[in-house]
2 protein chains.
Amino acid sequence: MAEAAEREAKASSLRPTSVVDGVYDGIYHRLMSLDIAPGARIRIDVLARELGVSQTPIREALSRLEREGLVRKEHLIGYSAAPQWTRKQFEDLYAFRLLVEPEAARLAVINMTPEALAELETSAADMGHGDPPVDRNTRYSRFARADAQFHDAILKIAGNEIIRSTLSNQHVHLHIFRLMFHTRVTQEALEEHENLLAAFRSGEPQAAYDAMRIHVERSRDRLLSAFE
Amino acid sequence: MAEAAEREAKASSLRPTSVVDGVYDGIYHRLMSLDIAPGARIRIDVLARELGVSQTPIREALSRLEREGLVRKEHLIGYSAAPQWTRKQFEDLYAFRLLVEPEAARLAVINMTPEALAELETSAADMGHGDPPVDRNTRYSRFARADAQFHDAILKIAGNEIIRSTLSNQHVHLHIFRLMFHTRVTQEALEEHENLLAAFRSGEPQAAYDAMRIHVERSRDRLLSAFE
DNA sequence: AAATACAATATCGTATAGGATCCGATATAG
DNA sequence: CTATATCGGATCCTATACGATATTGTATTT
């Protein structure tokens, strides 16, 4: 039984990690992988049985996800996965990104250190390692995750934690992934990331600003086809 | 007493509002009014007794508040109110506001309608009605709430819901209120709001942009004294 | 006298049970 | 044949109980 194994692990390794975190990650992964489709209902007891835990941590994890906009809750009806992005939501988010991310890139150049640049290079390099023969789902998923990590690394260097957490809470990469799922993944982003890195190496704030603006704009235009 | 009225309403009108929402508002109000001081521990069972409900809704409300950054949670230790803003957090947030809010004001002018402008005028007028002889706490609280509503109205007109929810989640007015509590409240903001309205009436996007930039900058400079 | 070890208490985290509400199916009336 | 009302099942929401862990106070030892 799952509970036995769970209890066994907890007793042996005595790690102080909470069950809620694990549940959160599990649901997040199911949303990301479209195992839970956009708009689909999420039944608490079903999840509790499948994950082998009680309903309380499920409820708490869903509450966090609701606050992040990934699931919706209707009182006395239940939870459901957030619907697919509308075109307006998409455009609003990209307008927001264009407002914030180029400036963050500019700040990142100003605060750049050799170590930070090196870390950024490795982060970008991780996206190149395709490991192609995996299935399509995990391949896209890995791409989205690496892209998110790259952008987050830039924001971390920029130093403004408010901006960083704000963008992190938007879960851009998850929504993009849900849009991209039935489309073909493009490798153009890799090239644009390379342009970004070049700007960071040059140490010119305005160059980074422009490179990021172009990158976000092109990302927007690429994904816009999903709404036709 | 508020709790009695709460229970009365629940028993008589049997409205389908959830207990969690009421608990959330209650805790929020206690944080706002400094009844729960920054950094103070928040004991679940104490709250459950005081609010007359079980621990489960308390837990869920605290989970939402944690996601909004208003309370912190340490595993196997408990919840506590978020500490007072550090100077860095303050500066980061105002840098973010300066990045976003002037642009939002510009957008608001572009999308402005006569009805929206009228609504904005009344919202601004609400801040003038001092009703002075109330105690200091509720007076500041009302000021902060009206200010938040005014800014939110502008963002609503601007039309970008991502930006709106993002700023709303920062709970700027609550944190400002916690800073202002031991300071004197200034009426300069009213004058700046009037300048903003003038810009909105003029219909010139750039004027609104500049007015909002000046307003946010001055707000920052006024509050900066709290860190000395 | 100070520091460490141990024990007791308090609090958190999780699980389970019961009450209330909503959704869907069936039967009946028009 | 359609529409409405009623009944049953399922699900959510709340409450309570139990086990695990951290904190605190006391006693003992150096």
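Chain identifiers are assigned alphabetically (A, B, ...) following the order of the sequence lines, protein sequences preceding nucleic acid strands; residue numbering begins at 1 within each chain.
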Measure centre to centre between the rings of A:Tyr28 and A:His171, then say whether the value is under 6.0 Å.
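Yes, the ring centres sit under 6.0 Å apart.
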Can you tell me how far P of D:dT16 sits from CD1 of B:Ile58, to the nearest Å?
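From B:Ile58 CD1 to D:dT16 P: 13 Å.
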Whole angstrom is fine here: how far is it from CD in A:Glu60 over to P in D:dC13?
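Rounded to the whole Å, the gap is 15 Å.
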Salt-bridge present (B:Asp92, A:Arg164; N to O < 4.0 Å):
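Not counted as a salt bridge, because no side-chain N and carboxylate O are separated by less than 4.0 Å.
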Side chain of B:Lys73, heavy atoms from C-beta onward: which of C:dA15, C:dG13, D:dC13 has the nearest atom to it?
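Selected nucleotide: C:dG13.
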Quickly, which of A:Arg220, A:Glu101, A:His151 forms a side-chain hydrogen bond (donor to acceptor under 3.5 Å, both in side chains) with A:His215? Name it, please.
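Among the candidates, only A:His151 passes.
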Write down the protein N/O and nucleotide N/O pairs, taken from nucleotides 10-12 of chain D, whose separation is under 3.5 Å; answer none if there are no such pairs.
from, atom 1, to, atom 2, distance (Å)
D:dC12, OP1, A:Ile44, N, 3.4

For B:Phe150, enumerate each residue passing the ring-ring contact (aromatic ring centres under 6.0 Å, His included) test, keeping only those at least two apart in sequence or located in another chain.
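By the ring-ring contact (aromatic ring centres under 6.0 Å, His included) rule, B:Phe150 matches B:His193.
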Pairing residues for B:Asn169 by the side-chain contact (heavy atoms from CB on, under 4.5 Å) criterion, not counting sequence neighbours:
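Checked B:Asn169 against side-chain contact (heavy atoms from CB on, under 4.5 Å); matches are A:Arg67.
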